[in-house]
Trainee: 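Questions regarding the structure given below will be posed in turn.
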Amino acid sequence: MVPFFPVSLLFLGLFSLFLHSIYVHSRFGVKDVPNERSLHDTVTKKSGGMFFIPLFLVASLLFHFNPEWAHPLLENPSLIPKDNFYLLLVGIFIFSILGFVDDLYHLTPKLRLVLEFGIVFICLWGIHPTITAFGFVEIPWVAEILFLTIFLVFGINLVNFMDGMDWYLVLTFFICFFSIGLVLPNFYSIPNFGFSLYVILLLSMFGFIVYNFPKAKLFMGDSGSLALGFFVLVLPLLHHSNLQNQITKEGVFWDLTDYFYLFPFFWIDGITILIKRFFQKKHLFQAHREHLYQKLTETKLGKIGSLIVFSLLNGLVLGLHFLFHMMGMDRFTIFFGLFFVSLVSYGLLWVWTLRKNLA
């Protein structure tokens with residue numbers, strides 16, 4: 001009898017804990033020295049992504065070639081075109097290496113952006129994604145690739161910017177996973193491909209999650225955040241199942257607006273601060289402490305309180321998404337409704353935080 005939670009997955013989680021424990025308690029490693037922009041006040045190890053990302057890549061390939069190891073919880077990734085699956089893994093690997101080099105040598109923003117644009121463009125050209133924008137199917141392929149390249153690079157760096165508070169990134173991805181499961185249930189539910197890779201990733205990160213709990217003993221660094229950003233943003237583009245049939249028969253397809261559900265408050269906070277800094281004529285790529293989650297930690301809430309607040313807000317969006325979905329509302333009404341709720345919640349929290357910091 002095959003257990004519901006396969007032993008192979010249990011081993012993956014425990015092995016992740018073992019690897020990260022060795023790194024945290026050893027003398028070697030990349031250290032993050034706090035400065036005026038940091039939310040931590042002690043020297044802390046970073047580049048945890050150089051452990052959980054390779055572990056995720058190896059585990060994904062092992063389960064790909066030995067699907068019976070994780071049956072019936074996970075599905076065989078071979079149901080997705082092999083070339084696309086391999087491109088996804090290669091892209092994750094390259095972004096992890098790029099992030100690790102940046103952790104060590106602090107690449108210039110222009111050089112990093114050029115490399116990121118090149119990597120994303122090549123991967124998208126190979127994947128040849130099918131995506132709609134507000135329900136419109138007819139989008140010229142070249143224009144789609146160019147736009148997606150710019151959009152995804154922005155999203156990847158947004159994830160990188162938000163990786164500044166312990167557990168914030170991990171909890172956001174975990175909560176919002178259930179929202180995207182409502183959008184593509186035949187891709188992000190048990191035992192489908194999207195669900196399978198998320199489970200493998202979560203277990204590969206188990207050791208990091210343990211040591212990243214506030215007060216963190218380990219940060220993922222750019223080697224983790226850039227790779228994770230690429231993973232969550234590119235993964236839904238692998239959902240190829242005859243788009244036109246899905247639209248006419250099931251109404252299930254991946255639309256540009258669906259990216260909002262991956263991390264609602266990342267988008268709002270990131271775009272808001274970008275516009276704010278643009279009009280203030282500040283350097284757009286320079287590190288700062290102007291994001292709302294950073295401001296919130298300066299109140300009496302601290303890190304854990306701020307983490308709880310944003311988790312509750314993401315949970316609110318998830319709950320309303322589920323409610324609207326059960327009420328049978330169409331996807332774009334749901335999107336605009338949730339976007340409005342998120343925007344108002346963000347605005348109210350910003351005003352409250354500003355008043356507390358001025359008090």
Side-chain angles (χ1 to χ4, degrees), residues 49 53 56-57 80-81 83-99 102 107 109-134 136 139-163 169 172-173 176-177 179-180 183-184 187-188 193-194 197-198 201 220 222-240 243 253-271 273-275 284-285 335 339:
I53 291 297
F56 165 71
L57 296 175
I80 294 293
D83 291 344
N84 291 350
F85 175 60
Y86 296 148
L87 272 173
L88 175 69
L89 297 187
V90 168
I92 293 171
F93 175 73
I94 295 176
F95 263 102
S96 184
I97 296 299
L98 175 63
D102 194 35
L107 302 176
K110 291 182 180 179
L111 174 60
R112 202 174 82 168
L113 276 177
V114 169
L115 293 174
E116 289 172 354
F117 276 118
I119 297 166
V120 173
F121 180 82
I122 292 172
C123 287
L124 290 177
W125 190 274
I127 292 173
H128 199 153
T130 303
I131 189 173
T132 60
F134 294 93
F136 295 101
I139 303 176
W141 182 62
V142 176
E144 181 181 68
I145 295 295
L146 291 175
F147 173 78
L148 275 177
T149 299
I150 298 171
F151 180 78
L152 294 187
V153 168
F154 173 73
I156 291 168
N157 282 279
L158 191 60
V159 171
N160 180 240
F161 295 155
M162 296 303 171
D163 177 36
L169 196 61
T172 297
F173 281 174
C176 296
F177 168 77
S179 264
I180 57 176
V183 178
L184 289 182
F187 188 70
Y188 285 108
F193 181 73
L197 287 188
Y198 261 86
L201 176 64
M220 69 171 65
D222 289 356
S223 60
S225 58
L226 291 179
L228 285 182
F230 179 85
F231 168 75
V232 298
L233 288 161
V234 173
L235 179 60
L237 299 179
L238 271 61
H239 180 252
H240 289 271
L243 180 66
F253 56 97
W254 185 254
D255 190 85
L256 187 66
T257 58
D258 295 329
Y259 274 115
F260 175 73
Y261 304 121
L262 288 175
F263 27 77
F265 294 96
F266 283 13
W267 293 116
I268 294 175
D269 193 28
I271 294 173
I273 298 304
L274 193 66
I275 294 173
L284 298 181
F285 302 109
F335 165 73
F339 178 77

Trainee: Indicate the ring-plane relationship of Phe85 and Phe193, choosing parallel, tilted or perpendicular according to the 30° and 60° boundaries.
Mentor: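 Rings of Phe85 and Phe193: perpendicular, over 60°.
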
Trainee: Taking the six-membered ring for Trp, are His239 and Phe187 parallel (under 30°), tilted (30 to 60°) or perpendicular (over 60°)?
Mentor: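 Taking Phe187 first and then His239, their aromatic rings stand perpendicular (interplane angle over 60°).
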
Trainee: State whether the side chain of Trp267 and the backbone N or O of Tyr259 hold a donor-acceptor pair below 3.5 Å, judged by distance alone.
Mentor: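 Yes; judged by distance alone, with no hydrogens or angles, the pair exists.
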
Trainee: What heavy-atom pair brings Leu262 and Phe173 nearest, and what distance separates the two atoms?
Mentor: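 Minimum heavy-atom separation between Leu262 and Phe173: O-CD2, 4.4 Å.
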
Trainee: Angle between ring planes, Phe335 versus Phe134, binned at 30° and 60°: parallel, tilted or perpendicular?
Mentor: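 It falls in the perpendicular class, over 60°.
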
Trainee: Is it the case that the side chain of Ser223 and the backbone of Ser96 share a donor-acceptor pair, with hydrogens and angles ignored and the cut-off at 3.5 Å?
Mentor: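 Absent.
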
Trainee: Parallel, tilted or perpendicular for Phe121 and Trp125, by the 30°/60° rule?
Mentor: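 Phe121 and Trp125: tilted rings.
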
Trainee: Walk me through whether Asp258 and Asp255 qualify under side chain to side chain contact (heavy atoms under 4.5 Å, CB included).
Mentor: CA-CA 5 Å; Asp258 295 329; Asp255 190 85; 3.5 Å; yes

Trainee: So, does Asp102 use its side chain to make a donor-acceptor pair with the main chain of Leu107 at under 3.5 Å?
Mentor: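 Side chain of Asp102 to backbone of Leu107: a pair is present.
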
Trainee: Mind checking whether Phe177 and Tyr198 have parallel, tilted or perpendicular rings, split at 30° and 60°?
Mentor: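 Correct class here is tilted.
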
Trainee: Can you tell me how the ring of Phe231 sits relative to the ring of Phe56, calling it parallel under 30°, perpendicular over 60° and tilted otherwise?
Mentor: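 Ring orientation of Phe231 relative to Phe56: perpendicular.
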
Trainee: What heavy-atom pair brings Gly126 and Asn84 nearest, and what distance separates the two atoms?
Mentor: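 Heavy atoms of Gly126 and Asn84 come nearest at O-OD1, 3.8 Å.
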
Trainee: Yes or no on side chain to side chain contact (heavy atoms under 4.5 Å, CB included) for Leu237 and Leu124, after CA distance, side-chain angles and deciding distance?
Mentor: CA-CA 9 Å; Leu237 299 179; Leu124 290 177; 3.5 Å; yes

